[in-house]
Amino acid sequence: MQRTPRSTQPTTVSLDKPAPARTDGSRLRRWLRRRRAEAALHLLRGLCYGLGTGLAGLGFYWLQQHL
């Protein structure tokens with residue numbers, strides 16, 4: 001196997017930000033996949049708080065109507 005000779009041309013340095021390697025959204029999907037369980041727990045907690053608040057409100061409303 002032979003080595004290829006180095007180029008004699010000077011290299012140019014660009015100060016522009018390089019384009020992202022992936023533009024298909026795979027990074028977003030990976031981020032969402034890692035946080036799926038955490039998001040489900042937050043939704044469950046919110047549902048429980050909402051149901052508890054609603055039931056407490058209905059209970060107090062019922063109590064006011066019957067006193």
Side-chain angles (χ1 to χ4, degrees):
M1 185 174 204
Q2 294 181 349
R3 288 188 177 186
T4 57
R6 292 187 177 190
S7 70
T8 56
Q9 298 175 0
T11 58
T12 58
V13 177
S14 174
L15 297 178
D16 293 334
K17 191 174 181 182
R22 296 179 186 168
T23 57
D24 59 355
S26 61
R27 198 168 146 198
L28 177 63
R29 278 186 294 229
R30 266 194 323 237
W31 185 85
L32 287 172
R33 194 178 317 128
R34 285 194 309 259
R35 287 161 178 81
R36 185 180 298 163
E38 189 176 341
L41 287 175
H42 282 294
L43 286 173
L44 181 63
R45 178 187 287 174
L47 179 67
C48 290
Y49 279 132
L51 286 173
T53 303
L55 287 175
L58 286 173
F60 277 107
Y61 178 76
W62 180 83
L63 200 69
Q64 286 177 347
Q65 298 301 318
H66 287 87
L67 285 181

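Any value given below was found using the heavy atoms of this structure, including those in side chains, with hydrogens, waters and symmetry copies removed. Computed from a predicted model, the values in this text were never measured in an experiment.
- Atom CG of Leu55 sits about 12.0 Å away from atom CZ of Phe60, to the nearest 0.5 Å.
- By the criterion of side-chain heavy atoms lying less than 4.5 angstrom apart, applied directly or through intervening Ile, Leu, Val, Met, Phe, Trp or Tyr residues, Leu67 is not grouped with Tyr61; the two fall into different hydrophobic clusters.
- The 12-atom threshold is not exceeded at CZ of Arg45, counting heavy atoms of other residues, nucleotides or ligands nearer than 6.0 Å.
- Atom CG of Leu58 is separated from atom OG1 of Thr53 by 11.0 Å, given to the nearest 0.5 angstrom.
- Hydrophobic cluster membership for Trp31: Leu28, Leu32 (Ile, Leu, Val, Met, Phe, Trp, Tyr linked by side-chain heavy atoms under 4.5 Å, directly or transitively).
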